[in-house]
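Since the structure comes first, as structure tokens, the remarks are kept for the end.
Keep in mind that the numbers below use all heavy atoms, side chains included, and drop hydrogens, waters and symmetry copies.
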Amino acid sequence: MYPEIQPYETSTLKVSDVHILYYELSGSKDGTPARFVGGPGGGCDEKDRSFFNPHKYKIILFDQRGSGKSTPTACLEDNTTWDLVKDMEKLREKLNIETWHVFGGSWGSTLSLAYAQSHPGRVKSLVLRGIFTLRKSELHFFYQDGASHLFPEAWDEYLAPIPEAERHDMILAYHAQLNSIDDSTRVQAAKAWSKWEMATSKLYVDPSYINRAESDVFANAFARIENHYFINSGFMRDGQLLEKQEIDKIRHIPCIVVQGRYDVVCPATTAYSLKKVWPELELHIVPDAGHSSREVGIAKLLVDATNKFADLQ
């Protein structure tokens with residue numbers, strides 16, 4: 001990854017009567033625009049700038065509705081996939097950008113695909129990691145029965161806030177607690193939900209990464225917004241992003257996918273499903289990595305991909 005840099009511009013964009021988004025620009029003012037897509041709930045991190053050559057790219061980060069420095073924090077009102085797609089267009093228009101490179105992992109890959117399929121003429125390239133399409137099977141594997149077999153001790157902690165009688169549908173049970181009027185119930189659930197993802201995101205469990213879940217503010221936004229999207233199936237048809245008619249809209253866009261072989265948050269089967277319906281894309285499966293973009297093999301291939309597209313006209 002490139003050395004850490006500071007933004008040369010930070011600002012906000014009012015996108016609705018409720019939501020104001022934080023965004024920032026770094027790298028080269030005259031560089032080719034690249035849009036980093038993260039979230040939902042977690043906001044962007046300053047290290048996310050380092051996937052791009054700062055001498056060639058104008059690097060654009062923004063916090064999605066309710067996330068990071070965007071306000072109001074953890075707000076679920078007017079917060080859907082299609083609201084976020086519209087927000088990306090509003091930001092593109094505000095910045096006077098004709099086309100841009102789009103980079104996203106995990107939920108960011110979901111939103112990147114949704115955006116590209118909605119506005120295929122605005123996307124120069126796609127760099128995607130840890131493909132996630134919100135199919136029921138994907139959610140069931142991570143939040144109900146699948147990853148639990150690989151991380152039983154972390155799973156026990158994830159189960160703990162939920163009464164045994166409600167554990168047949170963990171996403172629904174967490175939805176009730178994450179929207180409780182009782183602050184302590186909500187925060188306890190948010191931390192447990194967030195810790196489950198942090199504990200399973202890397203091939204080698206990283207205690208410092210798990211500690212992120214201890215922040216009340218971070219966990220509340222992260223958990224509530226993720227759960228909101230999952231309980232609503234991403235506000236799209238099951239498997240919509242993988243449908244042939246949707247992929248046909250973006251088949252012309254150069255695309256590189258980087259996938260950890262041992263990613264249990266977004267297992268490789270989804271990246272493989274995308275490759276089967278879109279054989280033109282370039283798929284790299286990293287043999288010694290999990291889900292996190294910070295794992296060495298994944299980070300290297302992501303930087304290789306942005307370097308490859310840096311001079312794309």
Side-chain angles (χ1 to χ4, degrees), residues 15-16 18-19 21 35-42 62-67 75-92 102-123 126-144 146 169-172 174-175 178-179 193 197 222-251 253 255 257 259 263 265-278 281 291:
V15 291
S16 76
V18 176
H19 293 278
L21 306 187
R35 166 79 184 81
F36 181 93
V37 187
F62 90 119
D63 291 336
Q64 295 163 29
R65 296 186 181 204
S67 305
C75 178
L76 306 182
E77 184 180 349
D78 298 335
N79 200 335
T80 74
T81 304
W82 310 111
D83 289 319
L84 302 186
V85 166
K86 290 175 185 176
D87 292 348
M88 290 176 69
E89 268 299 273
K90 289 175 182 175
L91 182 58
R92 183 190 63 78
V102 177
F103 177 113
S106 194
W107 163 257
S109 75
T110 313
L111 185 54
S112 295
L113 287 168
Y115 174 80
Q117 290 171 4
S118 300
H119 301 281
R122 300 299 182 186
V123 180
L126 286 164
V127 175
L128 306 175
R129 177 211 34 105
I131 302 299
F132 179 51
T133 63
L134 270 93
R135 290 178 298 177
K136 289 181 174 63
S137 60
E138 297 170 50
L139 294 172
H140 185 84
F141 178 86
F142 188 62
Y143 291 103
Q144 194 65 44
D169 189 335
M170 292 294 289
I171 291 177
L172 182 62
Y174 261 99
H175 183 72
L178 290 168
N179 291 280
W193 173 283
E197 185 163 332
F222 183 80
R224 290 191 76 223
I225 296 176
E226 271 201 342
N227 180 273
H228 166 71
Y229 274 83
F230 300 163
I231 203 80
N232 288 290
S233 303
F235 304 92
M236 63 182 84
R237 299 182 299 277
D238 192 51
Q240 176 177 330
L241 298 176
L242 295 169
E243 292 171 357
K244 182 180 181 299
Q245 71 267 21
E246 299 299 323
I247 295 296
D248 284 345
K249 297 173 184 176
I250 60 174
R251 203 174 293 280
I253 299 172
C255 178
V257 173
Q259 174 71 45
D263 185 341
V265 181
C266 300
T269 186
T270 308
Y272 190 64
S273 296
L274 182 63
K275 174 68 174 175
K276 285 201 291 186
V277 73
W278 189 4
L281 68 76
H291 180 67

Query - side-chain contact (heavy atoms from CB on, under 4.5 Å) between Leu21 and Lys90, worked out - result: CA-CA 11 Å; Leu21 306 187; Lys90 289 175 182 175; over 6 Å; no

Query raised in the report: In Å, rounded to the nearest 0.5 Å, how long is the span from OG of Ser16 to CG of Asn79?
Result: 9.0 Å

Query raised in the report: Which atom names give the shortest non-hydrogen contact between Leu241 and Gln117, and what distance separates them?
Result: O-NE2, 3.0 Å

Requested in this report: Please confirm whether the backbone N or O of Pro40 pairs with a side-chain atom of Ser67, one donor and one acceptor, at under 3.5 Å?
Outcome: no

Query raised in the report: Taking the side chain as C-beta and beyond, is there a heavy-atom pair between His291 and Cys266 under 4.5 Å?
Result: yes

Query - Closest heavy-atom pair and its distance - Thr81, Gly234 - result: OG1-O, 2.7 Å

**Report entry** Member of Phe132, Tyr229, Phe230 meeting the ring-ring contact (aromatic ring centres under 6.0 Å, His included) criterion with Trp107
**Finding:** Tyr229

Report summary line: Separation between CG (Leu139) and CD1 (Ile231), nearest 0.5 Å, reads 9.5 Å

Query raised in the report: What are the two closest non-hydrogen atoms of Gly66 and His19, and how far apart are they?
Result: N-ND1, 4.0 Å

**Report entry** Within 6.0 angstrom of Lys136 NZ, more than 12 heavy atoms from elsewhere
**Finding:** no

Report task. Using the side-chain contact (heavy atoms from CB on, under 4.5 Å) rule, take Leu76 and Asn179 through it: C-alpha gap first, then chi angles, then the decisive distance, then the call. Result -> CA-CA 10 Å; Leu76 306 182; Asn179 291 280; 3.4 Å; yes

**Report entry** Non-neighbouring partners of Glu89 that pass side chain to side chain contact (heavy atoms under 4.5 Å, CB included), sequence neighbours left out
**Finding:** Arg92, Glu93, Tyr115, His119, Arg122

Report task. Just do the side-chain contact (heavy atoms from CB on, under 4.5 Å) check on Phe142 and Glu138 with the steps written out, would you? Result -> CA-CA 7 Å; Phe142 188 62; Glu138 297 170 50; over 6 Å; no

**Report entry** Inter-residue atom distance Glu226.CD - Ile171.CD1, 0.5 Å rounding
**Finding:** 9.5 Å

Requested in this report: Measure the OG-CE distance between Ser118 and Met88 for me, rounded to the nearest 0.5 Å.
Outcome: 9.5 Å

Query raised in the report: Which class fits the ring pair Tyr174 and Trp193: parallel under 30°, tilted 30 to 60°, perpendicular over 60°?
Result: perpendicular

Report summary line: Looking only at heavy atoms, the pair that brings Ser109 and Leu128 closest together is CA-CD2, 4.1 Å

Query raised in the report: What is the distance from atom NE2 of His175 to atom CZ of Arg224, rounded to the nearest 0.5 Å?
Result: 9.0 Å

Report task. Test side-chain contact (heavy atoms from CB on, under 4.5 Å) on Val123 and Ile250 and set out the steps. Result -> CA-CA 9 Å; Val123 180; Ile250 60 174; over 6 Å; no

Query raised in the report: Are any side-chain N or O atoms of Ser233 and backbone N or O atoms of Met236, one a donor and one an acceptor, separated by less than 3.5 Å?
Result: no

Query - Nearest heavy atoms of Thr110 and Thr133, plus distance in Å - result: OG1-N, 4.3 Å

Report task. Of all the heavy-atom pairs spanning Leu281 and Lys275, show the shortest one and how long it is. Result -> O-NZ, 2.6 Å

Requested in this report: Before giving the answer on salt bridge (Lys or Arg N to Asp or Glu O under 4.0 Å), spell out for Asp248 and Arg251 the whole-Å C-alpha distance, their side-chain angles and the decisive distance to 0.1 Å.
Outcome: CA-CA 5 Å; Asp248 284 345; Arg251 203 174 293 280; 2.6 Å; yes

